[in-house]
Amino acid sequence: MIYRIDVRTRPAPGQTGHDPLGQSIAHQIAEFGMSVADVHTARIFLIDTDADAVAIQRIASELLADPVVEEAQVIGGPVDDRGYSRIEIHLKPGVMDPVADSTEMAIRDMGLAVREVRTGRS
């Protein structure tokens, strides 16, 4: 089964929706004369494994996200983005993905079997 894990910047206490990369992208878009609402970014991990949901949650929280500044969410079905526009960027098959390779090795080091890891950004 292929699991999707989104890793986002956690808002600081007292702040809502603080995403430094998202703010930077919004400023760049504004320089082109366009206005956008809040921009939120995430690192995407697609993990092909037979591991159970508990193991996937362990990968998300212990390996992929820094618990101080990030939060990881295991997405169980289609992404609900009604009312929003979503842009995802993934590497083409065959293009080297060193983040995916190191993530795959780290998952194996955790004692879990994994067939493939792919990464992306949204």
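Values reported hereafter were calculated over all heavy atoms of this structure, with side chains retained and with hydrogens, waters and symmetry mates removed. If you're wondering where the values come from, they're calculated on a predicted model, not measured in any experiment.
Taken from CD1 in I47 to CD in E104, the straight-line distance is 10.0 Å, to the nearest 0.5 Å. Between the CG atom in L21 and the CZ atom in R8 there is a gap of 12.0 Å [rounded to 0.5 Å]. Rounded to the nearest 0.5 Å, atoms CD (Q23) and CD (Q28) are 12.5 Å apart. Rounding to the nearest 0.5 Å gives a distance of 7.0 Å between CE of M34 and CD1 of I29. Taken to the nearest 0.5 Å, the CG atom of L64 stands 6.5 Å off from the CD1 atom of I107. Between T103 atom OG1 and I59 atom CD1 the span is 10.0 Å, to the nearest 0.5 Å.
Taking 4.5 Å as the limit, every side-chain heavy atom of L46 sits out of range of all side-chain heavy atoms of T119. Using a 4.5 Å heavy-atom cutoff, the side chains of H90 and I44 are in contact. Considering only heavy atoms from C-beta on, D48 stays 4.5 Å or farther from M1 through its side chain. Between D6 and R4, some side-chain heavy-atom pair lies under the 4.5 Å cut-off.
The main-chain N or O of A113 is found under 3.5 Å from a side-chain atom of T49 such that the two form a donor-acceptor pair. The main-chain N or O of F45 is never found under 3.5 Å from a side-chain atom of Y3 such that the two would form a donor-acceptor pair. Listed for the R118 side chain is a donor-acceptor partner under 3.5 Å among the backbone atoms of L91.
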Show which side-chain atoms of residues 70-78 pair as donor or acceptor with protein atoms under 3.5 Å away, not counting sequence neighbours.
from: E70; atom 1: OE1; to: R43; atom 2: NH2; distance (Å): 3.1
from: E70; atom 1: OE1; to: D66; atom 2: N; distance (Å): 2.9
from: E70; atom 1: OE2; to: R43; atom 2: NH2; distance (Å): 3.0

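Within the structure, side chain to side chain donor-acceptor pair (under 3.5 Å) contacts touching residues 53-63 (residues at least two apart or in different chains) are R58-E62.
Comment: R115 engages D50 in a salt bridge, judged by a side-chain N to carboxylate O separation of less than 4.0 angstrom.
Residues V114 and R108 approach most closely at O-NH2, 2.7 Å, considering heavy atoms. Here the closest non-hydrogen pair linking V99 and S102 is O-OG, 3.1 Å.
Other residues, nucleotides and ligands contribute over 12 non-hydrogen atoms within 6.0 Å of the CE atom of M110.
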